[in-house]
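Bear in mind that the values here come from a model prediction, so they are computed numbers and not experimental data.
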Amino acid sequence: MTFQEIKDQDQKYIMHTYGRVDVALVKGSNARAWDETGKEYIDFTSGIGVNCLGYSDPQWAAAVAKQAGEIQHMCNYYHSPQNIGLAKELCGAAGMAQGFFCNSGAEANECAIKIARKYGEKRGAFKIITLHNSFHGRTLTTLAATGQEAFHRDFLPLTQGFLYAEPGDLEGIASLMDGSVCAVLLETVQGEGGVVLMDEAFVQGLRQLCTERDVLLMLDEVQTGVGRTGHFFSYQGMGVQPDVVTAAKGLAGGLPIGACLVSEKLRNILKPGQQGSTFGGNPVACAGAREVVRRVNDPNFLREVGEKGAYLQKKLETLPQVDLVRGRGLMLGIQLKSLDAHEVLIKCTEQGLLVLTAKELIRFLPPLTITQEEMDQGLEIFARVLGE
C-alpha cells in the first residue's frame with residue numbers, strides 16, 4: 001500500500017480520536033524506525049514511553065514468542081506461572097505487597113480508585129484529592145480524577161467525589177481533609193500536563209499528612225514508572241513509599257498491560273468478584289513484562305538512564321532557541337523561546353526525528369536503551385530544525 005492508501009483507509013475506518021502525523025511506521029530497531037518507503041527516523045517517543053527497550057528488542061521478542069508458542073491466554077480461574085512470577089518480581093522491585101493486572105494505565109487507576117473507596121467505606125470517606133493539571137486517563141472516572149477542565153467538556157456528568165488542589169499546596173490539601181477524604185492521587189511528574197515536576201519536600205510532606213489523617217497516598221506512575229526517571233519507580237528517588245502505585249506504558253515493553261500495586265496494609269483488600277479483567281495478566285504480556293523488569297531493575301541500567309537524561313538536558317540547554325528544559329531521567333520537556341511546539345514536531349518528523357508535545361512544550365521520551373549515536377543523531381536533527 002502507498003502512504004496515501006494507508007491514510008485514506010485510516011480516515012474511512014478508524015474513529016478520528018487521534019491527531020495523526022503523516023508517517024506510517026512498518027519496522028524498527030531500538031530507537032530507529034522505518035516507514036513504508038524505507039525512510040529512517042530517530043524515535044524520541046518510544047510509543048509515548050511504552051517501548052522502553054526500544055523497537056523489537058531481540059531478548060524481549062524471544063521471551064514473548066516463546067510464551068505465545070506455549071499458551072497465549074487462560075481463564076482467570078486458573079493459576080498462571082507468568083502472572084505470578086511477574087507479580088512477585090514487580091512487587092519486589094516496587095517494595096509493595098500485592099498487585100492486580102489489567103490492560104492500561106486508566107484501568108490501573110480505576111482499580112486504585114476502587115481500592116481507595118473500599119478503604120474509606122466503613123467510615124464514610126469516599127472523596128479523592130487530585131491535583132490541578134493532572135492526567136489520570138480517559139475513562140469517565142479517570143477523566144473525573146484528571147485535574148484539567150478541558151478533558152471534562154462534552155462528557156458530563158462525570159463520576160462524583162473528586163476534589164482538586166494546587167500542586168505544592170500542603171495547607172490547601174490538609175484543609176480539604178475533613179473526614180470525607182479516603183485518598184490523594186498524584187503524579188510525581190505531570191507528563192501530559194507539561195512535564196511539571198513535583199517538589200520532593202511536597203511529596204514527603206504529603207506522605208506524612210496522609211499517614212496522620214489515615215488517608216491513602218496513591219501515586220500514578222503510568223508514565224514515570226519502570227525506569228523512566230532513573231529509578232525503577234520515581235518515588236524511590238524521593239524518599240517516600242506510597243500505599244498504592246499504578247503502572248502501565250513501559251511495563252511490558254510494547255504489549256498492553258497495567259498494574260495496580262498495594263502496600264502490606266492493603267493486602268487482600270479486594271475480595272473475589274470485586275475486581276477483574278479478562279485479559280489482565282495475560283501470559284504473553286507478562287512474559288514481555290518479566291523481561292522488562294529483569295533488565296530495567298538493575299542499578300547499572302538505571303544509572304545509565306540518569307546519565308543519558310543528563311546528557312540530553314545539557315546538550316538541549318546549549319541551543320539558543322531553547323528557553324528551559326525540565327524533567328527527570330529520560331522524561332524531558334523543552335520550552336522553546338518563540339517557536340510553536342506542534343510546528344516543530346511536524347518539521348522534525350519531515351527531517352527524520354519523532355518527538356512529542358506536552359501543552360506548549362516539546363517532549364522527549366526516548367527508549368531507555370537509546371544509544372549515544374542515536375541520541376546525537378536525534379539532537380543534530382532537532383538543532384537543525386530549531387535553527388531554520
Side-chain angles (χ1 to χ4, degrees), residues 87 90-91 94-102 105-132 134-137 139 141-142 144-147 159-190 198 200-222 224-225 233-236 238-248 258-271 274-275:
L90 187 57
C91 284
M96 303 299 271
Q98 287 181 313
F100 171 81
F101 293 118
C102 48
E107 290 176 70
N109 285 332
E110 288 267 355
C111 182
I113 291 164
K114 288 179 72 173
I115 288 169
R117 291 279 180 89
K118 179 80 183 292
Y119 183 76
E121 187 269 336
K122 288 185 179 179
R123 66 175 192 270
F126 66 94
K127 296 177 183 176
I128 296 172
I129 298 171
T130 66
L131 301 183
H132 289 298
S134 61
F135 182 84
H136 298 292
T139 65
T141 295
T142 54
T146 292
T159 304
Q160 299 300 299
F162 290 93
L163 306 172
Y164 310 106
E166 286 298 323
D169 185 6
L170 274 176
E171 288 187 8
I173 292 173
S175 70
L176 295 173
M177 293 183 179
D178 58 1
S180 66
V181 171
C182 58
V184 178
L185 172 65
L186 74 152
E187 307 151 282
T188 61
V189 182
Q190 293 178 333
M198 296 299 108
E200 186 174 302
F202 166 64
V203 177
Q204 292 174 349
L206 195 54
R207 170 68 278 179
Q208 183 177 347
L209 178 63
C210 287
T211 301
E212 291 170 353
R213 303 291 181 93
D214 193 21
V215 168
L216 298 182
L217 177 62
M218 307 198 302
L219 296 184
D220 177 343
E221 294 250 15
V222 169
T224 53
F233 281 114
S234 67
Y235 62 81
Q236 293 168 324
M238 306 183 83
V240 299
Q241 186 70 20
D243 300 300
V244 181
V245 61
T246 58
C260 180
L261 308 178
V262 299
S263 65
E264 187 62 41
K265 82 172 185 178
L266 296 172
R267 178 180 290 276
N268 296 329
I269 188 169
L270 295 177
K271 307 304 179 187
Q274 292 188 331
Q275 184 68 331

Donor-acceptor pairs are to be reported for all side-chain atoms of residues 172-181 against protein atoms at under 3.5 Å, with residues two or more places apart or in another chain.
unit_1	atom_1	unit_2	atom_2	d
Ser175	OG	Gly172	O	2.6
Asp178	OD1	Ser180	N	3.0
Asp178	OD1	Ser180	OG	2.5

Would a 4.5 Å heavy-atom cut-off, applied to side chains only, mark Thr246 and Met218 as touching?
no
List the residues meeting side-chain contact (heavy atoms from CB on, under 4.5 Å) with Glu107, not counting sequence neighbours, and say none if there are none.
Cys102, Asn103, Ser104, Ser277
Give me the atom names and distance for the closest heavy-atom approach of Arg117 to Phe126.
NE-O, 2.7 Å
Applying salt bridge (charged side-chain N to carboxylate O under 4.0 Å, His left out) to Lys265 and not counting sequence neighbours gives Asp243
I want to check something: taking the side chain as every heavy atom from C-beta on, are Leu186 and Leu219 in contact at a cut-off of under 4.5 Å?
yes
Quick one: does any side-chain atom of Glu187 pair with a main-chain N or O of Phe135 as donor and acceptor, under 3.5 Å?
yes
Does any part of the side chain of Leu217, heavy atoms only, come nearer than 4.5 Å to the side chain of Tyr235, both counted from C-beta?
no
Here the side chain to side chain donor-acceptor pair (under 3.5 Å) pairs for residues 208-221, sequence neighbours left out, are Asn109-Asp220, Tyr119-Asp214, Arg123-Asp214, His136-Asp220, Arg207-Thr211, Gln208-Glu212, Glu221-Thr224, Glu221-Ser234
Heavy-atom nearest pair, Pro167 first then Gln190, reads CG-NE2, 4.1 Å
Determine the minimum heavy-atom distance between Phe233 and Gly225, stating which atoms define it.
CD2-CA, 3.7 Å
Would a 4.5 Å heavy-atom cut-off, applied to side chains only, mark Val244 and Cys260 as touching?
yes
Measure from the side-chain N and O atoms of Gln98 to the backbone N and O of Asn268, and report whether any donor-acceptor pair falls under 3.5 Å.
yes
Pairwise side-chain contact, Ile129 with Val215, heavy-atom cut-off 4.5 Å (strictly under):
no
Partners meeting side-chain contact (heavy atoms from CB on, under 4.5 Å) with Glu121 (sequence neighbours left out):
none
Tell me whether Ser134 contacts the main-chain N or O of Gly147 through its side chain, where contact means a donor paired with an acceptor under 3.5 Å.
yes
Find out whether Val184 and Leu131 are in side-chain contact, i.e. whether some heavy atom of one side chain is under 4.5 Å from a heavy atom of the other.
no
Residues forming a side-chain contact (heavy atoms from CB on, under 4.5 Å) with Gln274, sequence neighbours excluded
Lys118, Leu270, Lys271
Please give me the minimum heavy-atom distance between Pro242 and Met96, naming the atom from each residue.
O-CE, 3.7 Å
Hey, could you give me the NE2/CD distance between His132 and Glu166, rounded to the nearest 0.5 Å?
4.5 Å
Using every non-hydrogen atom in the two residues, find where Ala259 and Ala108 come nearest and quote the distance to one decimal.
O-CB, 3.5 Å
Evaluate the side-chain hydrogen bond (donor to acceptor under 3.5 Å, both in side chains) criterion for residues Gln241 and Ser263: first the C-alpha distance (whole Å), next the side-chain angles of each, then the deciding distance (0.1 Å), finally the verdict.
CA-CA 9 Å; Gln241 186 70 20; Ser263 65; over 6 Å; no
Flag the pair Leu216 / Cys210 as yes when at least one side-chain heavy-atom distance between them is below 4.5 Å, and no otherwise.
no
From CD1 (Ile113) to OG1 (Thr141), nearest 0.5 Å
6.0 Å
Would you check if Phe162 and Thr146 make a side-chain contact, meaning some heavy-atom pair closer than 4.5 Å?
no
Contact summary for Gly137 and Ala106, nearest pair of heavy atoms
CA-CB, 4.0 Å
